[in-house]
Peer 1: 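Below you'll find the structure I mean.
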Amino acid sequence: MAKITLPDKSVREVPDGTTVRQFAESIGKRLAKDAVIAEVDGQPVDLFFPLAGDRSVRIITRQMPESLDHLRHSCAHIMAQAVQRLYPGTRLAIGPPIEDGFYYDMDPERPFTPEDIEKIDAEMQKIVAQNFPFSRSELRRSEAIERMKAEKQTYKVEMLEEWTDETVSFYTQGEFTDLCRGPHVAATGAVPVVKVLRATGAYWRGDEKNRMLQRLYGTAWWSKEDLDLYVSRQEEAKKRDHRKLGKELDLFSVHDEIGSGLIHWHPRGSMIRHVIEEEWKKEHVKRGYLMVDTPHIASEEIYRISGHLEAYKDLMYGAMMIEERPFRVKPMNCPGHIMIYKSHLHSYRELPMRLAELGTVYRFEKSGVLHGLLRVRGFTIDDAHIFVSPQSVEKEIVDVFRFAVEWLAKFGFKDLSIYLSTRPEKSVGASEDWERTEHALRNALSSAGVKFEVDEGGGAFYGPKIDVKVRDSLGREWQCSTVQFDFNLPSSQRFDLSYVSEDGGRKQPYMVHRALMGSLERFFGVLIEHYGGAFPVWLAATQATVIPIADAHIGYAGQVAEGLRLRGFRVDVDARNERTGHKIREATLLKTPYMLVVGEKEVAAKQVAVRERSGKDLGVMNVDRFEQLLAEDIAARR
RNA sequence: GCUGGCGUAGCUCAGCCGGUAGAGCACCUCCUUGGUAAGGAGGAGGUCGUGGGUUCAAGUCCCAUCGCCAGCUCCA
């Protein structure tokens, strides 16, 4: 008899050789029906796995999210089977489940076309309808290699040769067999909803030196409703795509004639940027940061000293000769800030010295990686370099981290993922410095009471760091803030930074690079998607549009707008010869927070009729009252 | 950079098996002065990304190149 312990600690006895499926049936029909695979002593197994001896069993049902991985893994096999039927001789690589779906990398005779994808999809549906059971077989690894060689499955051979297992397993459904650890769903018919999405290229083992394979992506779900939900989530993301909204809301553009990855901020986008920049400066000055500005080009000399010319050259643009001296466009702001620091002798009393700049840099990015505002070639870092003594480094880092959290919260980013990266094997700097600064970073995080992940050895060679990612309204993560120590640039081999300590001697300060947003371009892109284009009042390019009903009301509309503008609000007038409905529609599409309709009644009463972009009618009110409304929104960052 | 797809009016897109370019919106003019998501009429606007080639004839087919998109690789 097999003695089976269930997750609730209850124990059941069944005859040896009882399969997982039979075991599930012995518990209940529903459970047997919903069972996808099981875990026996923590190992995932198929439903046909025979039980014997003392075992702990956990049956994974469709209701458990992890069951989707197994469903999708099985779908990858079905996809491979379909491809083998349609394009015999296609060599198979790997086919794992991923978030929201699965893929299979393969090496067909020619790349897949959109028509191929339709055919593959249709063939997969056929295989599902044929309801082949998945079965498992085992071979000695050497035999498996022979078999894969015979079938010319060179990628499988390569993998098998690297493994060290004695035996390996294969799974068969119908005429198709694939090397696989399993487990799988019971049969191809157990797949309720599967769809092939697209084909793209992918390097074998993710290495660009290797051959490029074709990756077929697919998705699979337990129900049509789940698929629909997934599709509508994709559609929502598409609707919020910052490139699309950027055009629709007239925020920014890029131009072939000027170059890709170079952003042009239109008046409406630029207005938002200015609001962010003003707020940024205000908050920095409040915290004792000193504003600086540094040039966009610099002699190569400086990058030779900083080491960028060597370590960073792939990302730097080529030299331009100015009076026979090579210059470069700046890829970093730090050398300039360091030169400002170095232009005086500093006392320990002046530290921490915090130099801040919205510094625009240019980096060469391969054409294929450029992406709207999120990955560009020219961008503005909300940069600061802090020169700090070892004594005050702890407090300073606590303050910097708190600053970052408070800043991101202004934009509604409350759900942060935080990563601490520590000393890698190859690194510069004294152990004492690494220990002290890693401790400072760790302490800043724990004193803020936040959860964080530690990436041991994941720091840069020149110092440990904290990275902060924000989660947007669609649940996607974006890298924003970073706090990074640098033991390299202040060192005597580089810029040889110092300050005069209490005892009159020279000491080397710690240097911290930090950014709250990362780059204004990327942050703006993230904001567009986060807000879906509907910027809160404090950021909105236009906070209110005054809409005169007829020409007779234009004068009054102008007075209302001017009055609000004088008090610092961003208000315009839509005086075009269009009907009210038309103007409301357009202001709504531009996601202007408020529309102030003025007609005969409002002119007479010196009032405005307020409408929100949501369509909600707030009724008629005095301009003073509306102004108060705006002020409340701005204070609450609505 | 690599693989595949796509580049037609300012924008969104039609344009069949090659026969000489079309819609809606936007723009301009006129009419209309209209109370909460598109009032009406007319007009202007394109060497079909660029450069070659095939052909009697190329937006359409072929090659190259640039750009964009989906990924891979890489990153603020």
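In the text below, chain A, chain B and the rest are named by the order of the sequence lines, each starting its count at 1. The figures here come from the full heavy-atom set of this structure, side chains too, leaving out hydrogens, waters and symmetry mates.
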Peer 1: Mind checking whether A/Trp478 and A/Leu374 have side chains closer than 4.5 Å, heavy atoms only?
Peer 2: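 A/Trp478 vs A/Leu374: side chains touch.
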Peer 1: For atom P, what is the distance between B/U65 and B/C72, given to the nearest Å?
Peer 2: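 Their P atoms lie roughly 25 Å apart.
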Peer 1: Are A/Arg215 and A/Asp105 ion-paired here, with the side-chain N under 4.0 Å from a carboxylate O?
Peer 2: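 Result for this pair is yes, salt bridge flagged.
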Peer 1: I'd like the C1' distance from B/C62 over to B/A76, given in whole Å.
Peer 2: 42 Å
Peer 1: How would you give the extent of chain A contacts on RNA chain B, as first and last nucleotide 5' to 3' within a 4.0 Å heavy-atom cut-off?
Peer 2: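 Range of nucleotides within reach of chain A: B/G1 to B/A76.
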Peer 1: Sequence neighbours left out, what passes ring-ring contact (aromatic ring centres under 6.0 Å, His included) with A/His264? Give chain and number order.
Peer 2: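 With neighbours one apart ignored, the set is A/His255.
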Peer 1: Could you tell me whether A/Gly581 contacts a base, only the sugar-phosphate backbone, or nothing, with contacts defined as non-hydrogen atoms closer than 4.0 Å?
Peer 2: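 A/Gly581: backbone/sugar contact only, no base atoms under 4.0 Å.
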Peer 1: Under a 3.5 Å limit for both distances, which nucleotide forms a Watson-Crick or G-U wobble pair with B/C72, could you say?
Peer 2: B/G1
Peer 1: Near A/Arg576 CZ, under 6.0 Å, is it more than 12 heavy atoms from other residues, nucleotides or ligands?
Peer 2: yes
Peer 1: In whole Å, what separates the P atom of B/G10 from that of B/U47?
Peer 2: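 Pairwise P distance, B/G10 against B/U47, rounds to 9 Å.
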Peer 1: Could you check whether A/Lys247 gets within reach of a base, just the sugar-phosphate, or nothing at all, counting any heavy atom under 4.0 Å?
Peer 2: sugar-phosphate
Peer 1: So A/Glu600, base contact, sugar-phosphate only, or nothing? Heavy-atom distance under 4.0 Å.
Peer 2: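 The residue A/Glu600 makes base contact.
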Peer 1: Salt bridge between A/Lys330 and A/Glu357, side-chain N to carboxylate O under 4.0 Å?
Peer 2: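 Judged by the 4.0 Å cut-off on N to carboxylate O distance, A/Lys330 and A/Glu357 do form a salt bridge.
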Peer 1: Would you mind classifying the nucleic acid contact of A/Glu365 as base, sugar-phosphate or nothing, using non-hydrogen atoms under 4.0 angstrom?
Peer 2: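 Contact class for A/Glu365: base.
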Peer 1: 5'-most contact on RNA chain B: A/Arg579 or A/Phe364, nearest heavy atom basis?
Peer 2: A/Phe364
Peer 1: Taking any heavy-atom pair under 4.0 Å as a contact, classify A/Asn577: base, sugar-phosphate, or nothing.
Peer 2: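 Base, at least one base heavy atom under 4.0 Å.
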Peer 1: Over all strands shown, is A/Ala609 touching base, sugar-phosphate only, or nothing at heavy-atom distances under 4.0 angstrom?
Peer 2: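 Base contact.
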Peer 1: Expressed in whole Å, how much space separates the C1' atoms belonging to B/C48 and B/G40?
Peer 2: 32 Å
Peer 1: Need one value for A/Arg198: base, sugar-phosphate or nothing, where a base atom within 4.0 Å counts as base even if backbone is also close, heavy atoms only.
Peer 2: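 Answer is sugar-phosphate: A/Arg198 comes under 4.0 Å of backbone atoms only.
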Peer 1: Could you measure between the two C1' atoms, the one in B/U12 and the one in B/G18, and give it in whole Å?
Peer 2: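 That atom pair is separated by 27 Å.
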Peer 1: Give a yes or no on this: more than 12 heavy atoms of other residues, nucleotides or ligands lie within 6.0 Å of atom CD of A/Gln234.
Peer 2: yes
Peer 1: Checking side chain to side chain contact (heavy atoms under 4.5 Å, CB included) between A/His266 and each of A/Asp250, A/Leu249, A/Leu251, which is the one that passes?
Peer 2: A/Asp250
Peer 1: Using the C1' atom as the point on both nucleotides, what is the distance between B/G46 and B/G15, in whole Å?
Peer 2: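 Looking at atom C1' only, B/G15 and B/G46 are 14 Å apart.
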Peer 1: When all nucleic acid strands are considered with a 4.0 Å heavy-atom cut-off, which category describes A/Asp551: base, sugar-phosphate, or nothing?
Peer 2: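 It contacts base atoms.
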Peer 1: Looking at every strand, decide which applies to A/Glu602 at a 4.0 Å heavy-atom threshold: base, sugar-phosphate, or nothing.
Peer 2: base
Peer 1: With rounding to whole Å, what would you report as the distance between B/A64 and B/A21 at their P atoms?
Peer 2: 29 Å
Peer 1: Could you tell me whether A/Phe523 contacts a base, only the sugar-phosphate backbone, or nothing, with contacts defined as non-hydrogen atoms closer than 4.0 Å?
Peer 2: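 If one applies the 4.0 Å heavy-atom cut-off, A/Phe523 turns out to touch nothing in the nucleic acid.
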Peer 1: Pick base, sugar-phosphate or nothing for A/Gly201, based on heavy-atom distances below 4.0 Å to the nucleic acid.
Peer 2: base
Peer 1: Return the 5'-most residue of the pair A/Cys480, A/Leu370 with respect to RNA chain B, ranking by each residue's nearest nucleotide.
Peer 2: A/Leu370
Peer 1: Syn or anti for B/C6? Use the chi torsion, O4'-C1'-N9-C4 for purines and O4'-C1'-N1-C2 for pyrimidines, with syn inside 90° of 0.
Peer 2: anti
Peer 1: If we take the C1' atom in both B/U32 and B/G42, what is their distance in whole Å?
Peer 2: 14 Å
Peer 1: Base, sugar-phosphate alone, or nothing: which one does A/Arg522 contact when heavy atoms must sit under 4.0 Å apart?
Peer 2: base
Peer 1: Does NZ in A/Lys195 sit with more than 12 non-hydrogen atoms of other residues, nucleotides or ligands closer than 6.0 Å?
Peer 2: no
